[in-house]
Amino acid sequence: MQIYDSVQKNKRDFKPQEEGKVSLYVCGPTVYDDAHLGHAKSALVFDLLTRVLRANGYEVTYARNITDIDDKIIKKAHEQNKSIKEITDFYTLAFHKEMDALGVSRPDIEPKATESLTAMTQMIQKLIDTKHAYLTDEGDVYFDTASDVDYLSLSKRVQNEEERQERVESSTLKKNAADFALWKSVKDGSLTYDSPFGAGRPGWHLECSAMIEKHLAKPNAAFAVDIHGGGADLLFPHHENEAAQTRCSSNHALANYWMHNGFVNIDGEKMSKSLGNSFFLKDALKEYDGEVLRFYLLSTHYRSNFNFNTEDLTASKKRLDKIYRLKKRLFGMAESHEPTAFKAELLKALSDDLNVSATLALIDEMITKTNETLDTSGKHKELKQGTMANLAYIEELLGFGVKNPFEYFLFGMDEATKEKIDALIIKRNEAKKAKDFESSDKLRDEILAFGVSIMDTPNGTFWEKI
RNA sequence: GGUGCCAUCGCCAAGUGGUAAGGCCGCAGCCUGCAAAGCUGCUAUCCCCAGUUCAAAUCUGGGUGGCACCUCCA
């Protein structure tokens with residue numbers, strides 16, 4: 001398997017530290033608002049990664065955190081006159097529901113900041129003991145970036161002299177502009193947690209380092225985790241700071257491989273709430289099957305920037321439809337347990353830094369070839385069983401085609417409408433039988449008006465929601 | 001200003017030295033009462049210029065045009 005390392009900036013052969021075992025940590029959401037398409041993209045990318053790693057025989061331990069301590073959460077709680085926990089529980093539940101709709105498997109470990117405070121304060125203490133952190137007169141604890149010779153080695157940023165010399169306003173009492181908070185003292189009576197450094201709240205960067213240490217790191221390994229992932233925006237300062245905290249408080253570096261997924265834009269513009277509906281995942285899920293969104297968001301390579309628009313989304317839906325039509329065509333067939341060339345090629349393509357485009361090309365070629373053979377004559381038992389195995393592998397690796405194919409084509413249709421359509425189809429077939437094509441075509445137009453397409457086959461007339 | 005990424009058919013998008021995958025759209029055809037679905041065929045020399053090489057979309061240099069990060073952000 002090959003993985004592009006966004007710190008070394010090249011594709012590297014993947015080798016976990018411990019034979020056959022992979023530890024993966026991904027920065028998850030701050031639960032103060034509904035998830036947007038960018039959250040979906042990130043979750044989807046690392047879901048795919050874990051599937052491919054597992055298919056390659058690795059035993060993967062995947063952790064993705066939930067940030068439930070944050071100023072934005074507190075602000076929202078105040079605005080809505082609710083407790084912090086009400087807010088975080090609500091958005092955590094919503095996040096899970098939406099990820100489920102996208103077919104994103106749950107991580108093995110999902111640590112929360114509120115449940116990691118001991119790990120965090122322990123890490124701060126270590127950093128203070130080793131002179132990598134200092135306490136200010138106001139009770140804040142800052143990481144001393146000047147004490148870490150490797151600071152900025154991750155993002156390869158150059159700190160200019162001006163910045164280095166800068167003495168920040170006396171109120172913050174930071175030694176260096178780049179220094180970041182490990183613990184913020186809070187005296188205004190709002191939410192605080194106890195710590196040896198006084199009441200306050202942990203700095204945001206800290207939780208990931210602490211959680212990794214607590215849940216994934218092996219004491220004697222050179223790297224705390226094999227792979228660390230997240231959105232491209234997190235490389236600096238978030239991951240830079242995480243890396244600094246870990247290397248200065250323990251005897252290992254944070255991660256051997258770094259993976260950063262590209263950003264999602266909407267119609268060429270950076271996402272913002274002013275753009276309205278499609279910003280939130282929950283709204284997109286009202287309009288489209290979660291699996292269509294999954295297919296679409298994964299169809300572009302994870303490192304590229306992604307430009308969300310309905311035209312491309314429709315093209316993706318049509319591609320997914322083809323998988324489901326083949327599933328309908330072979331519905332009920334047994335599945336071969338023999339290895340197929342297709343499965344090997346699929347895994348090979350995905351193992352090349354998640355080359356989804358090459359993978360989708362393989363899938364389309366497989367579908368076309370199968371349909372072509374099926375069109376020519378009846379039998380082909382072996383082909384059918386092999387194809388069922390191929391489709392099952394596509395489900396396992398990519399999560400495409402996991403639904404009942406008949407139900408898939410009914411997305412968003414209520415019972416009453418379905419009954420109306422079925423009734424019209426019976427009427428149309430009667431007209432067809434009587435060779436009254438004028439009536440039957442008129443009835444078809446009525447059916448099409450429901451936003452469906454219909455197809456006459458030797459086995460009867462079927463319809464699909466477009 | 002600093003750091004970095006990108007530029008392939010109308011649209012989406014692979015391909016990182018050996019002569020341009022795949023999908024959507026479009027056109028022609030098979031099938032069909034007609035359609036739909038499915039299948040077949042057709043559609044690019046890779047932003048520009050110069051260079052390296054037997055050979056470049058792929059390497060180098062210079063342009064031009066996008067974009068991201070540097071502040072909370074997936």
Side-chain angles (χ1 to χ4, degrees), chain A residues 6 9-11 26-30 32-33 35-46 64 67 70-72 75 152 155-160 162-163 178 204 229-238 240 260-265 268 270-272 281 295-297 299-307 309 311-322 325-326 328-329 349 352 355-376 409 431-432 435-438 440-441 444-445 447-448 452-458 461-464 466:
Chain A
S6 43
K9 298 196 192 303
N10 58 28
K11 237 187 241 183
V26 175
C27 293
T30 301
Y32 73 102
D33 204 351
H36 57 235
L37 293 165
H39 292 107
K41 172 88 184 174
S42 176
L44 247 9
V45 164
F46 292 103
R64 183 188 60 208
T67 299
D70 185 276
D71 289 351
K72 292 189 287 288
K75 189 172 165 233
L152 299 182
S155 59
K156 310 212 170 42
R157 227 158 265 274
V158 186
Q159 203 170 26
N160 60 42
E162 234 171 85
E163 211 171 10
W204 172 50
D233 56 320
L234 296 179
L235 180 58
F236 187 86
H238 187 53
E240 185 74 60
H260 290 94
N261 63 275
F263 258 45
V264 178
N265 294 333
K270 192 169 170 162
M271 281 198 296
S272 73
L281 191 50
F295 190 108
Y296 178 43
L297 287 167
S299 66
T300 294
H301 189 83
Y302 75 90
R303 277 187 280 121
S304 307
N305 282 334
F306 187 93
N307 186 29
N309 65 76
E311 195 187 332
D312 296 340
L313 187 141
T314 303
S316 278
K317 181 189 179 299
K318 287 182 181 178
R319 259 183 130 159
L320 182 60
D321 286 352
K322 292 204 293 187
R325 289 209 186 92
L326 184 58
K328 278 209 294 195
R329 198 168 182 179
D352 177 15
N355 189 337
V356 177
S357 283
T359 304
L360 294 182
L362 287 169
I363 291 173
D364 279 312
E365 280 161 7
M366 187 275 288
I367 292 173
T368 300
K369 237 172 86 185
T370 305
N371 275 324
E372 186 188 359
T373 311
L374 256 31
D375 278 352
T376 53
F409 284 110
K432 275 179 60 172
K435 303 239 185 271
D436 179 3
F437 295 124
E438 201 179 313
S440 73
D441 287 352
R444 179 169 56 199
D445 287 342
I447 297 166
L448 262 37
V452 301
S453 72
I454 66 175
M455 44 262 298
D456 298 321
T457 78
T461 299
F462 298 100
W463 60 271
E464 298 176 349
I466 298 169

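Below, chains carry the letters A, B, ... as their sequence lines are ordered, and counting in each starts from 1.
In this structure, A:N265 places its CG atom 19 Å from P of B:C5, rounding to the nearest Å. One atom, NZ of A:K328, and another, C1' of B:G38, lie 12 Å apart when rounded to the nearest Å. Nucleotide B:C73 holds its P atom 7 Å from the NE2 atom of A:H238, rounded to whole Å. Taking atom CG of A:D364 as the reference point, atom P of B:G38 lies 11 Å away to the nearest angstrom. Distance A:L313 CG to B:C25 P: 14 Å, rounded to the nearest Å. Distance CG (A:D321) to P (B:G38): 9 Å, rounded to an integer number of Å. When the P atom of B:A37 is taken as reference, atom CD1 of A:I454 falls 12 Å away, rounded to whole Å. One can place OH of A:Y32 at 6 Å from C1' of B:C73, the figure rounded to the nearest angstrom.
Annotation: cation-pi geometry satisfied between A:K328 and A:F409 (NZ/CZ under 6.0 angstrom from ring centroid, within 45° of ring axis). Judged by the 6.0 Å distance and 45° axis criteria, A:R64 is not positioned over the aromatic ring of A:F46.
Side-chain N/O atoms of A:D70 and A:T30 include no donor and acceptor closer than 3.5 Å. In the model, A:N371 has no side-chain atom that pairs as donor or acceptor with a side-chain atom of A:R325 under 3.5 Å.
Contact annotation: side chain of A:R444 to base of B:C34, donor-acceptor pair present below 3.5 Å. For A:D233 against B:C70, no side-chain N or O and base N or O form a donor-acceptor pair under 3.5 Å.
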Between the protein and nucleotides 58-60 of chain B, list every N/O to N/O distance that falls short of 3.5 Å.
none

Please enumerate all protein N or O atoms sitting under 3.5 Å from an N or O of nucleotides 13-15 of chain B, with distances to 0.1 Å.
{"residue": "B:A13", "atom": "O2'", "partner": "A:S357", "partner atom": "OG", "Å": "2.6"}
{"residue": "B:A14", "atom": "O5'", "partner": "A:S357", "partner atom": "OG", "Å": "3.3"}
{"residue": "B:A14", "atom": "O3'", "partner": "A:N355", "partner atom": "ND2", "Å": "3.3"}
{"residue": "B:G15", "atom": "OP1", "partner": "A:N355", "partner atom": "ND2", "Å": "3.3"}

Return the polar atom pairs (N/O with N/O) between nucleotides 6-8 of chain B and the protein under 3.5 Å, or none.
none

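Residue A:K318 places at least one side-chain N or O under 4.0 Å from the OP1 or OP2 atom of B:C25. Put simply, A:K369 has no side-chain N or O that comes within less than 4.0 Å of OP1 or OP2 on B:C39. Residue A:W204 places at least one side-chain N or O closer than 4.0 Å to OP1 or OP2 of B:C73.
Listed candidates were B:C39, B:A74, B:G22. Nearest to the side chain of A:E365 is B:G22. Set against B:C70, B:A74, B:C24, the side chain of A:R157 has B:C70 as its closest nucleotide. Considering only the side chain of A:F236, B:C70 comes nearest among B:C34, B:C70, B:G22. Side chain of A:R319, nearest nucleotide from B:C72, B:G22, B:G33: B:G22. Closest approach to the A:R325 side chain among B:C11, B:A37, B:G33 is made by B:A37 (side chain taken as heavy atoms from C-beta onward). The side chain of A:N371 sits closest to B:G38 out of B:C34, B:G38, B:C5. Closest to the side chain of A:D456, from the set B:G4, B:C34, B:G33, is B:C34.
No more than 12 heavy-atom neighbours from other residues, nucleotides or ligands sit within 6.0 angstrom of NZ on A:K369.
B:A13 is unpaired under the Watson-Crick or G-U wobble criterion, no partner having all donor-acceptor distances under 3.5 Å. Pairing for B:C67 goes to B:G4, judged as Watson-Crick or G-U wobble with the two contacts each under 3.5 Å.
When the P atom is used for both B:C11 and B:G62, the distance is 29 Å, rounded to whole Å. Spacing of C1' atoms, B:G10 relative to B:U43, comes out at 11 Å, to the nearest Å. A distance of about 28 Å separates the C1' atoms of B:C9 and B:U60, rounded to the whole Å. Distance noted for atom C1' between B:U16 and B:A57: 9 Å (whole Å). One C1' atom belongs to B:C47, the other to B:G65, and the distance between them is 8 Å to the nearest Å. The same atom, C1', is picked in B:C25 and in B:A44; the two are 15 Å apart, to the nearest Å. Rounded to a whole angstrom, the distance from the P atom of B:C31 to that of B:U40 is 15 Å. B:A50 and B:U64: their C1' atoms are spaced 15 Å apart (whole Å).
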Walk me through it: do A:D321 and A:K317 pass the test salt bridge (charged side-chain N to carboxylate O under 4.0 Å, His left out)?
CA-CA 6 Å; A:D321 286 352; A:K317 181 189 179 299; 2.8 Å; yes
Quick one, A:R329 with A:D375, criterion salt bridge (charged side-chain N to carboxylate O under 4.0 Å, His left out). Give me CA distance, side-chain angles, the key distance, then yes/no.
CA-CA 11 Å; A:R329 198 168 182 179; A:D375 278 352; 2.7 Å; yes
What do the steps show when you test A:D33 against A:K72 for salt bridge (charged side-chain N to carboxylate O under 4.0 Å, His left out), and what is the final call?
CA-CA 9 Å; A:D33 204 351; A:K72 292 189 287 288; over 6 Å; no
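Using a 4.0 Å heavy-atom cutoff across all strands shown, A:L234 reaches sugar-phosphate atoms only and no base atom.
Put simply, the side chain of A:S304 never gets that close to the backbone of A:T300: no donor and acceptor are under 3.5 Å apart.
To the nearest 0.5 angstrom, A:D233 atom CG is 3.5 Å from A:F263 atom CZ.
When each of A:D312 and A:N261 is assigned the nucleotide of RNA chain B bearing its nearest heavy atom, the one mapping closer to the 5' terminus is A:D312. Comparing A:S440 and A:P29 by the nucleotide of RNA chain B that holds the closest heavy atom to each, the one mapping nearer the 5' end is A:S440.
Judged by centroid separation below 5.5 Å and plane tilt below 30°, A:F263 stacks onto the base of B:A74.
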